Structure formats: C-alpha cells, structure tokens
> 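Structure provided below as structure tokens; questions to follow.
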Amino acid sequence: MSHCIFCQIIAGQSPAHKVYEDEHLLAFMDLFPAGPGHALLIPKVHAENIFELDEAVMARIGAFSQKLATAVKTAFAADGLVVFQLNGEAAGQTVFHYHMHFLPRMAGNNPMAMHGKVMAEAAVLADHAARIRAALGEG
Ligand code: AMP
Ligand code: ZN
C-alpha cells in the first residue's frame with residue numbers, strides 16, 4: 001500500500017467523499033475543511049508538487065479546475081471562491097501529492113484560514129459532495 005494518503009484514496013484503500021472522477025483526475029471533499037464546501041482536486045498520477053507535475057496532466061487539471069470552481073461556487077451560493085495550491089513544507093504543504101484547494105467564501109466571512117482544525121462529520125461531507133456533484137452535472 002502506498003504511504004501517500006491521496007494515492008490510497010485513488011486506489012480505494014482510504015475513504016473520501018468524491019465529487020468527480022475520470023481517468024486522470026479525482027476531486028473530493030477536504031476532511032478538515034477551512035469552511036463549508038472546501039474541495040480538493042488531484043491528479044491520479046503521484047507527483048509531489050507543481051515542479052514535478054507532468055505538463056499534460058497540468059493542462060488537464062487547469063481545464064477542469066474552471067468547471068470545478070464554477071460548481072463549488074454555485075453549490076454553496078458563494079460570494080467568492082479561493083483557489084490555492086501549496087508547494088513544499090515552507091509553503092505550508094502538508095500532503096505531498098499535488099492538489100488544488102477550492103474554498104467558497106461569503107461576504108463578511110472571518111479572516112481566511114487555509115487549513116481547518118476540526119475533522120468534518122461524514123454526513124456533512126456527504127451532503128456537500130452531493131451538492132457539488134449536482135452543480136457539476138448541471139454545468
Ligand atoms: P496542503 O496543506 O495544501 O498539503 O493540504 C492538504 C489538505 O488535505 C488539508 O487541507 C487536509 O485537511 C486535507 N486532507 C488530509 N488528509 C485528508 C484525507 N484523508 N481526505 C481528505 N482531505 C485530507
Ligand atoms: Zn500520491
């Protein structure tokens with residue numbers, strides 16, 4: 001079994017609340033969300049960070065990231081959406097398999113944190129994933 005938690009999710013060896021999957025990409029809910037609707041997008045091929053990512057995979061991520069951003073914003077009727085991606089420990093990266101974060105923001109929200117401190121309830125994540133899947137289907 002891979003030591004990488006995201007590779008384990010891809011392999012079906014660890015659970016995740018998935019919002020999208022194809023041959024190359026997987027999107028799922030962040031387990032410690034920094035806010036409601038916090039989703040992650042990863043390539044299925046293991047690459048630690050942006051510097052190691054294959055250019056063709058990067059292009060697929062880029063193309064789909066716009067669709068996912070739209071779906072997440074729509075699903076949570078968000079006023080705004082933060083997309084971010086951390087490379088290296090010094091940048092705050094904690095899982096060393098490339099991923100993009102999608103975090104809905106509401107007007108008047110508290111100051112933004114990139115990482116949540118509390119594990120979300122499974123039922124809540126299941127509901128949030130279903131909302132994003134529905135919005136993706138409509139797009
Ligand atoms: P980063 O700090 O950019 O590497 O982000 C890693 C993100 O992965 C954090 O927001 C974590 O909450 C999230 N995370 C860690 N383990 C899991 C998991 N098993 N399922 C879903 N999200 C996870
Ligand atoms: Zn991995």
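If you read the sequence from its start, that first residue is 1, and numbering goes on from there. We count ligands from 1, going down the list as the structure has it; atoms in each ligand are counted the same way. Keep in mind it's a predicted model, so treat the numbers as computed, not measured.
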> Tell me: protein heavy atom nearest atom 2 (O) of ligand 1, and distance?
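Scanning the protein heavy atoms, the shortest distance from atom 2 (O) of ligand 1 goes to H115 NE2, 2.4 Å.
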> Give the residue and atom name of whichever protein heavy atom lies nearest to atom 9 (C) of ligand 1, and the separation in Å to one decimal.
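That would be D30 OD2, 3.3 Å.
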> Which of the atoms of ligand 1 are close to M29, meaning less than 4.0 Å from one of its heavy atoms?
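With M29 as reference, the close atoms of ligand 1 come out as 21 (C).
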> Kindly check if the number of other-residue, nucleotide or ligand heavy atoms within 6.0 Å of CD (Q13) is above 12?
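Above 12, so yes.
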> For atom 15 (C) of ligand 1, grab the closest protein heavy atom and report residue, atom and distance to one decimal in Å.
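The closest one turns out to be V95 CG2, 3.9 Å.
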> Under 4.0 Å from a heavy atom of H101: give me the atoms of ligand 1 that qualify, with their elements.
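Near H101, the atoms of ligand 1 are 1 (P), 3 (O), 5 (O), 7 (C), 10 (O).
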> What are the atoms of ligand 1, with element, lying closer than 4.0 Å to any heavy atom of G92?
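In order of numbering, the contacting atoms are 2 (O).
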> Which residue and atom name correspond to the protein heavy atom nearest atom 5 (O) of ligand 1, and how close is it?
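I find the closest protein heavy atom is H99 NE2, 2.9 Å.
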> Students often mix this up, so state it plainly: with edges at 30° and 60°, are the rings of H101 and H115 parallel, tilted or perpendicular?
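Answer is perpendicular, since the angle exceeds 60°.
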> Assess whether ring pair (Phe, Tyr, Trp, His ring centres under 6.0 Å) is satisfied between H17 and H128, documenting all intermediate values.
CA-CA 9 Å; H17 293 277; H128 289 179; 9.8 Å; no
> For ligand 1, which atoms, with element, lie under 4.0 Å from some heavy atom of L86?
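That gives atoms 2 (O), 3 (O) of ligand 1.
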> Could you check atom 19 (N) of ligand 1 against the protein and tell me its nearest heavy-atom contact, residue, atom and distance included?
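Closest protein heavy atom to atom 19 (N) of ligand 1: I5 CG1, 3.6 Å.
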> Answer yes or no: does atom CZ of R60 have more than 12 heavy-atom neighbours from other residues, nucleotides or ligands under 6.0 Å?
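No, because the 6.0 Å sphere around CZ of R60 holds 12 heavy atoms or fewer from other groups.
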> Hydrophobic cluster membership, with links at side-chain heavy-atom distances under 4.5 Å among I/L/V/M/F/W/Y: are L86 and I50 in one?
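As far as the 4.5 Å side-chain criterion goes, I50 and L86 are not connected within one cluster.
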> Can you check whether T94 has an N/O within less than 3.5 Å of an N/O in ligand 1?
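Between T94 and ligand 1 (N or O atoms, distance only) the closest approach is under 3.5 Å.
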> In terms of residue, atom name and distance, what is the protein heavy atom nearest to atom 16 (N) of ligand 1?
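Atom 16 (N) of ligand 1 sits closest to the protein heavy atom F6 CE2, 4.3 Å.
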> Are M100 and V72 connected into the same hydrophobic cluster when the rule is that any two of I, L, V, M, F, W, Y join if their side-chain heavy atoms are below 4.5 Å apart?
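V72 clusters together with M100.
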> State whether Y20 and R133 meet the cation-pi test: NZ (Lys) or CZ (Arg) under 6.0 Å from the six-membered ring centroid, and within 45° of the perpendicular axis.
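No.
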> Where does M114 meet ligand 1, judged by heavy-atom distances below 4.0 Å: at the side chain, the backbone, both, or neither?
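No part of M114 is near ligand 1 at this cut-off.
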> Side-chain heavy atoms nearer than 4.5 Å, only ILVMFWY residues, links allowed to pass through others: does that put L136 and L41 together?
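Yes, because L136 and L41 connect within a single hydrophobic cluster, where side-chain heavy atoms sit under 4.5 Å apart.
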> Taking side chain as C-beta onward, heavy atoms only, is L81 less than 4.5 Å from F102?
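Yes - at least one pair of side-chain heavy atoms lies under 4.5 Å apart.
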> To 10 degrees, how wide is the angle SG (C7) to the Zn ion (ligand 2) to SG (C4)?
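For SG of C7 and SG of C4, the angle centred on the Zn ion (ligand 2) reads 120°.
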> Within the side chain of N49, is there an N or O that forms a donor-acceptor pair under 3.5 Å with the backbone of E52?
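At least one qualifying donor-acceptor pair exists.
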> Does ligand 1 have a heavy atom under 4.0 Å from the side chain of F28, from its backbone, from both, or from neither?
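Side chain only.
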> Give the numbers and elements of all ligand 1 atoms closer than 4.0 Å to a heavy atom of F32.
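So the atoms of ligand 1 that pass are 12 (O).
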> Atoms of ligand 1 less than 4.0 Å from Q93 heavy atoms?
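Answer for ligand 1: 2 (O), 4 (O).
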> With ring centroids as reference points, do F6 and F28 lie under 6.0 angstrom apart?
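Between F28 and F6, which both carry aromatic rings, the centre distance is below 6.0 Å.
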> For the Zn ion (ligand 2), find the closest N/O/S atom on H97 and give its atom name.
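The H97 atom nearest to the Zn ion (ligand 2), restricting to N, O or S, is ND1.
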> Specify side chain, backbone, both or neither for L31, according to which of its non-hydrogen atoms lie closer than 4.0 Å to ligand 1.
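Under 4.0 Å from ligand 1, L31 contributes backbone and side-chain atoms.
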> Restricting to N, O or S atoms, which atom of H46 is closest to the Zn ion (ligand 2)?
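H46's closest N, O or S atom to the Zn ion (ligand 2) is named ND1.
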> Give yes if a backbone or side-chain nitrogen or oxygen of L40 is under 3.5 Å from a nitrogen or oxygen of ligand 1, and no if not.
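No, since none of the N or O atoms of L40 sits under 3.5 Å from an N or O of ligand 1.
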